[in-house]
Participant: 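Have a look at the structure that comes next, please.
Every chain is numbered from 1 and lettered A, B, ... according to where its sequence line falls, protein lines coming before strand lines.
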Amino acid sequence: MFHEYNPSSVEAKWQKLWEKEHVYDFDLAKAKDPYYMTVMFPYPSGANLHVGHWFQYSIPDSYGRFLRMRGKDVFFPMGFDAFGLPAENYAIKTGTPPAISTKQNADTMVDQFKRMGVMVDWKYSLNTSDPSYYLWTQWLFLEMHKHGLAYKKLGNVNWCPKDQTVLANEQVWDGKCERCGTEVTQKPLDQWYWKITDYTQRLLDGLDDLDWPKKTKIMQRNWIGRKEGIDITYAIKDSSEKIVCFTTRPDTNFGATFIVIAPDHPFAKKISAEEIPSAHQKEVKDYAVVTAKKTEMERQAEGRKKTGAFTGYYAVNTLNNREMPIWVSDFVLANFGTGAVVGVPAHDLRDFEFASAFELPIIRVVVGPDGDTSPVTSVAQVQEEAGTMINSDFLDGLPILEAKEKMKDHMEKKGWGKRIVSFRLRDWLVSRQRYWGAPIPIVYDPEGNPHPVPEEHLPWLLPTDVEFKPTGKSPLTDSKEFIARTEKIFGKGWTPEFDTMDTFVCSSFYYLRYLQQCHGEVRSSATNHDTLIDKAMEKNWMPVDLYIGGPEHACMHLIYARFVMMALHDQGVVSHDEPFKKLVHQGLITNQGAKMSKSKGNVVSPDTFVEKYGSDAFRMFLMFMGPFEQGGDWSDTGIKGIVRFIDRLWKTLNAEKKPDSPDVKAALHRTIKKVTEDIEALHFNTAISALMELLNLIEKEGGCSLETSKIISILLAPLAPHLAEELWQLLTKPTSQQANKPTNFVINQPWPTFDPSLLQSTTMTIAIQVNGKVRGDIVVDATDSKEEILTKAKELENVKKYLDGATIKKEIYVPNRLISFVV
RNA sequence: GCCAUGGUGGCGGAACGGUAUACGCGCGCGACUCAAAAUCGCGUUCCCGCGAGGGAUUGAGGGUUCAAGUCCCUCCCAUGGCACCA
C-alpha cells in the first residue's frame, strides 16, 4: 500500500534537509561555468508575497534549476529594494520607523521565499536601506561628483503637493504623481542632477548588441529620442531681438508662414513686462497668465483646438524675405528645443491646425503622393513623411531627404543656421526631499558651498531623530543629531545636505553588490577592506546573463542602470559597460483583466493555495497558465488539473515496475527533447503538457520501468522541486550512507539526454489530402517507401471517391506528415 | 495621433507554411457508492446527418501557395508605452 502524496509535510521535510545539507549554498569564487541570473528585486511591502511575486520569482527559479542541472554554476541571488515612499507613508500614518517596518517585511518575505522553495543562497542577499549597502549608494554619488557627473541646478521641478516631494519628469504620469496620483505643480528648487545626457549617444548605440526584447529597445530609443535638425536664427523686423527655431524639416522652409513661441519664451516675457513695446502687450500677457494657470490635464482636455495671441512682431525668412507673424501659443513648450517653432502649415499637422484657427497663409512645398499640387485646404492633404519639393527655388524637384541636407548646407553656409543633434532624454534628478532614502553625502560650508563628505565618514548615516510628517522641507532638516554630527566633524556653521537620493540610484548598481556580499560579512570602506566590486569577480560574473523584470521599467530603471554601468566603466571601476546581456519581461498576472493592486482590492493571496496544494502545485499552475512572457488573467479553477497530475504521477511512479513498451520508450525520448527545448525557451506551459502526455501514455500502457521513472523525476525537478526530490529518493532507495549526501539530491543529477534514433515510432500516421482537403489517413511503417505509401493512399476508399474520373496533376509527399493530391 | 504587442472552442491555451483546436479546466454520460465527494472510463469546435460522411471555422476582407492561424496588403478591435517633443 502506498500512501497519498502529502505536499505540506514533504515540502517542509526537504526544505529543512536542503538547508541542513547546504544543497543550495553557493560559492562565487569556485564557479567554473558562471551563469548570473536575477530578477528585479522586490520592495518589502507590508503585504505578503502576492501571486505576481510567485509568478515573477518561482518561474525564473525553475529556469535556474534547469540550467544548474545542465552544468551551469547558476547564481540566483535575491535582495530587497527597501528605500522608498510606501514605508515613509506608512511611518507617517502609524509612527513606525521605516527601518523597523521594512526590516520586518523583508524578514517575512525571506520566510515566504523559503516556503516557495527557491534555490537562493541568502548569504548573498542585500537590502538597500542597510548602511552596509547605502554606503555604496553614497560612494557612487561621490564618484559621480568627482567626475563631474553630479551637479546642482536651480530650476522648475515637478512638485507633488500631497507627497511634498519632487518628481522626475519620468515619474510624472499624465500630469499626475506616479505614486499617489495627485496633480503635479511646478516649484523652483535647488537640486542635484546626474549627467545622463553625457551618455545619450552611447546609451543609444549600446542597444544594438543587447539580447533584449525588440519592443524594449524601441521604447528606449524613443525615450532617448535622438533628432537631427537645425537651429535657424530669424531676425525680427523693427527689433534687435532674434528668435531661434529648432526644426527637423528645414527642407520645407520655403513654406514657412509664421512663428510660434512659448508663452514663457524670453521674447514673450519681455513683451509682457513692457521691456519691448507692443500694441498687443495686453493679449500676450493675458495669454501667458491663462496658460500658467492651466494644468496639464486641462490642456489635454482641450485636445487639438489651437489657441494663441499675436505679438505684433514679424520675423523675416531670409530665404524669400517673407515676413512671418510671431505668435504665442501653449502648444509650444519653453523647455523643449528652443521654445520656438517655425510654422509650415502645409506639412505639419499642428501647424496646419494653428494656421486654420488664425487664418494664416498655407503654402504647399511638397507634392502629394498622387501628384497633387493643389493648395492644401484640409487635414487629409497635410503631407509629412515623403514627397518631392515644389515652390522651393533651388530645392524644386528634390526628394525631401535630399532637400533637407541641401537646405542645411545652404543655411550653414549663409550663417543662418547651425546643425544640431537634439535628444529628448534629460539629466537625472536624484535629489529627494524625503526621509527614507540614502542621505546625499554632501556638506555645506558656512558660505553655502557644497563639499563631498570624505569617504572615511561613509556610511553617512541616516539620522533617526526626525518627524516623518511632510512639511514641504526635507524631513532631515529636523534632526538635531544630523546637524550636530556635521558641525562636530566639519566645524561650526557647516550644514549637511538634507536631501536623500532617488531610489532608482539604489537599484542602478545592486547587481554589482550581490557579487560582493561575501558570506554575510559586512565590511565598510572606513576600514578600507571593501570596494564597490572586486575587479576579478566583476570580470568573471558581469554582465548579468539573464535579467528578468517587468516591462514598466523599460525607460527608467533600465536606462539608469546602463548609464551607471557606463560611467563606472569609464572611471575604471568595472570592465564591462553594459549591465544586462539578456533581458526578459515577465507578463502581468491580472485579476478579471485588471492589474492587481491594493487600491483596487483585487489582490489574490497565494497563501491559501500553497497551504492546501503545496508550493510545487502552485508554481506549476502559474507556469501552466500560459507563456512566461505573456502573463495571464488569474483564475483559481485550473489548479485542480495540476493537483490531479501530481497525484497521478505519484501513484504511477510508485507503482510496480514493468519493462517499457516500445511506444513508452519512444515517447520518453520525445518528452526529454521537448521538455528540454521548451524550458530553454521559457515555455514552461508546453513542457508541462508534454509530461502530462507522457504520463497519459504510461497509464494507458499500465506502467513503466524504474529507469524511466527516474528520468521523469529528474525532468520534473526544475518544475516541482519538492515532489521530484521525494520521488527521486524513493526510486533510488539510497542506503543510509548515501542518503543526504549532496550527490544524491535530484538537483545534482545530470539532465537526461535523448537518443535521436528512438524519437520515431515504428509506424506513423499520414494524412491524405485531395485538393487541399483532408479525406482520410493511413498508418504506414516507418520503413515504407514513397511509392508504397502513395499506392496505399490511393486505395483508401474515401480517397478513391475523389480521385475516380479525375487526372492527378500533382502528388506531393511530405515525409512523416501527409500526401496531397491535386486533381 | 505615433510606437509596440496581441485577437484561435464555453474558458486558460497548443500548433518547423503541412491532419487547427495538443495539454488542462469546465461540461455531459457511465462505473464505483445507500448517497455525495474523490477516483476511473467514454465523449466534448460549430452546423447537417441514426450512421458512414459532408460542410463551415483561427477578429473582417483580399492576395501568394498543391497547402496559410502562420507569409503579403487593407481594415476592425483589445492591451501596454509615449505624446501638442518642433
Participant: What does the B/S/- profile of nucleotides 11-23 of chain B look like, 5' to 3', with a 4.0 Å heavy-atom cutoff to protein?
Facilitator: -BSS-B-BB--BB
Participant: Is there a side-chain polar atom (N or O) of A:R775 under 4.0 Å from OP1 or OP2 of B:G53?
Facilitator: no
Participant: Side-chain N or O of A:Y813 less than 4.0 angstrom from OP1 or OP2 on B:A67?
Facilitator: no
Participant: Under 3.5 Å between N/O atoms: give me all the protein pairs with nucleotides 39-50 of chain B, atom names plus distance.
Facilitator:
{"residue": "B:U39", "atom": "OP1", "partner": "A:R644", "partner atom": "NE", "Å": "3.3"}

Participant: How close or far is atom P of B:G53 from atom NZ of A:K773, stated in whole angstroms?
Facilitator: 16 Å
Participant: Between A:R775 and A:E797, does a salt bridge (Lys or Arg N to Asp or Glu O under 4.0 Å) hold up when you go through it step by step?
Facilitator: CA-CA 9 Å; A:R775 294 302 176 188; A:E797 206 43 52; over 6 Å; no
Participant: Using both distances under 3.5 Å as the test, list the Watson-Crick or G-U wobble partner of B:U64, or none.
Facilitator: none
Participant: Assess whether a salt bridge exists between A:E811 and A:K794, defined as any Lys/Arg side-chain N lying under 4.0 Å from an Asp/Glu carboxylate O.
Facilitator: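 Counted as a salt bridge, because a side-chain N and a carboxylate O are separated by less than 4.0 Å.
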Participant: Do other residues, nucleotides or ligands put more than 12 heavy atoms under 6.0 Å from A:K673 NZ?
Facilitator: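 No, the 6.0 Å shell around NZ holds no more than 12 heavy atoms from other groups.
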Participant: May I have the distance from A:H553 (atom NE2) to B:G81 (atom P), rounded to whole angstrom?
Facilitator: 12 Å
Participant: Strictly below 4.0 Å, N to O, side chains only: are A:K408 and A:E405 in salt-bridge contact?
Facilitator: yes
Participant: May I ask you to say what A:Y802 touches in the nucleic acid, namely base, sugar-phosphate or nothing, with a heavy-atom cut-off under 4.0 Å?
Facilitator: sugar-phosphate
Participant: For B:A52 and B:U58, measure between their C1' atoms and round to the nearest Å.
Facilitator: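 Per the computed distance, 28 Å lies between those C1' atoms.
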Participant: Look through every strand shown and name the nucleotide pairing with B:G30 as Watson-Crick or G-U wobble, where both distances are under 3.5 Å.
Facilitator: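 The base-pairing partner of B:G30, which may sit in any strand shown, is B:C40.
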Participant: Taking atom P in both B:G41 and B:C76, compute the distance separating them and give it to the nearest angstrom.
Facilitator: 50 Å
Participant: With a 3.5 angstrom cut-off on both distances, give the Watson-Crick or G-U wobble partner of B:G51, or none if there isn't one.
Facilitator: none
Participant: Could you tell me which nucleotide pairs with B:C2 by Watson-Crick or G-U wobble geometry, both distances under 3.5 Å, or answer none if nothing does?
Facilitator: B:G81
Participant: Whole Å only: how far is the CG atom of A:L691 from the C1' atom of B:G24?
Facilitator: 13 Å
Participant: For the residue pair A:W327 and A:F354, is the inter-centroid distance of their aromatic rings smaller than 6.0 Å?
Facilitator: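 Under 6.0 Å, so yes.
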Participant: Rounding to the closest angstrom, what is the interatomic distance between B:A15 and B:U8 at atom C1'?
Facilitator: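 That atom pair is separated by 10 Å.
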Participant: Look at the side chain of A:K810 and decide which nucleotide, out of B:C66, B:G53, B:A38, has an atom nearest to it.
Facilitator: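 Nearest nucleotide to the side chain: B:C66.
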Participant: B:A14 and B:G9: how far apart are their C1' atoms, nearest whole angstrom?
Facilitator: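 It works out to 13 Å between them.
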Participant: Can the positive tip of A:R424 be found less than 6.0 Å from the middle of the six-membered ring of A:W223, inside 45° of the ring normal?
Facilitator: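 Yes, a cation-pi geometry.
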Participant: Closest heavy-atom contact between A:R364 and A:A346?
Facilitator: CA-CB, 3.9 Å
Participant: B:G26 C1' sits how many Å from A:I642 CD1, rounded?
Facilitator: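 It is 16 Å, rounded to the nearest whole Å.
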Participant: Tell me what A:K700 touches on the nucleic acid: a base, only sugar-phosphate, or nothing, going by heavy atoms under 4.0 Å.
Facilitator: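 No contact at all - A:K700 keeps every heavy atom at 4.0 Å or more from the nucleic acid.
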Participant: Between A:W428 and A:Y560, is the ring centre distance below 6.0 Å?
Facilitator: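 Ring centroids of A:W428 and A:Y560 are less than 6.0 Å from each other.
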Participant: Is any side-chain heavy atom of A:K773 less than 4.5 Å from a side-chain heavy atom of A:Y802?
Facilitator: no
Participant: Please enumerate all protein N or O atoms sitting under 3.5 Å from an N or O of nucleotides 2-9 of chain B, with distances to 0.1 Å.
Facilitator:
none

Participant: Taking all non-hydrogen atoms of both residues, which atom of A:V643 and which atom of A:A617 are closest, and how far apart?
Facilitator: CG2-CB, 4.3 Å
Participant: So, do A:F628 and A:F55 have ring centers that fall under 6.0 Å from each other?
Facilitator: yes
Participant: If you compare all heavy atoms of A:A793 against all heavy atoms of A:I819, which two are closest, and at what distance to 0.1 Å?
Facilitator: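 Looking at all heavy atoms of both residues, the shortest contact is CB-CD1, 3.9 Å.
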Participant: Do A:L719 and A:L691 have side-chain heavy atoms sitting under 4.5 Å apart?
Facilitator: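 In short, these two side chains touch, coming nearer than 4.5 Å.
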Participant: Pick the C1' atom in B:C71 and in B:G80, then give their distance to the nearest Å.
Facilitator: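 The answer is 26 Å between these two C1' atoms.
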Participant: Looking only at atom P, what distance separates B:C23 and B:C75, rounded to whole Å?
Facilitator: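 Result for the P pair: 39 Å, nearest Å.
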Participant: What is the base-pairing partner of B:A15, counting Watson-Crick and G-U wobble geometry with both distances under 3.5 Å?
Facilitator: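 B:A15 is paired with nothing.
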Participant: Select base, sugar-phosphate, or nothing to describe what A:V341 touches, counting heavy atoms under 4.0 Å on all strands.
Facilitator: base
Participant: Which base sits across from B:U45 as a Watson-Crick or G-U pair, both distances under 3.5 Å?
Facilitator: B:A56
Participant: Taking the P atom in each of B:G30 and B:C11, what is the distance between them to the nearest angstrom?
Facilitator: 27 Å
Participant: Work out how far the C1' atom of B:U45 is from that of B:A36, and round it to whole angstrom.
Facilitator: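 Straight-line distance between the two C1' atoms is 33 Å.
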Participant: Could you classify B:G55 for me, syn or anti, using a glycosidic angle within 90° of 0 as syn?
Facilitator: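 B:G55: anti.
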Participant: Regarding A:D208 and A:R221, does a basic nitrogen lie under 4.0 Å from an acidic carboxylate oxygen?
Facilitator: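 Yes.
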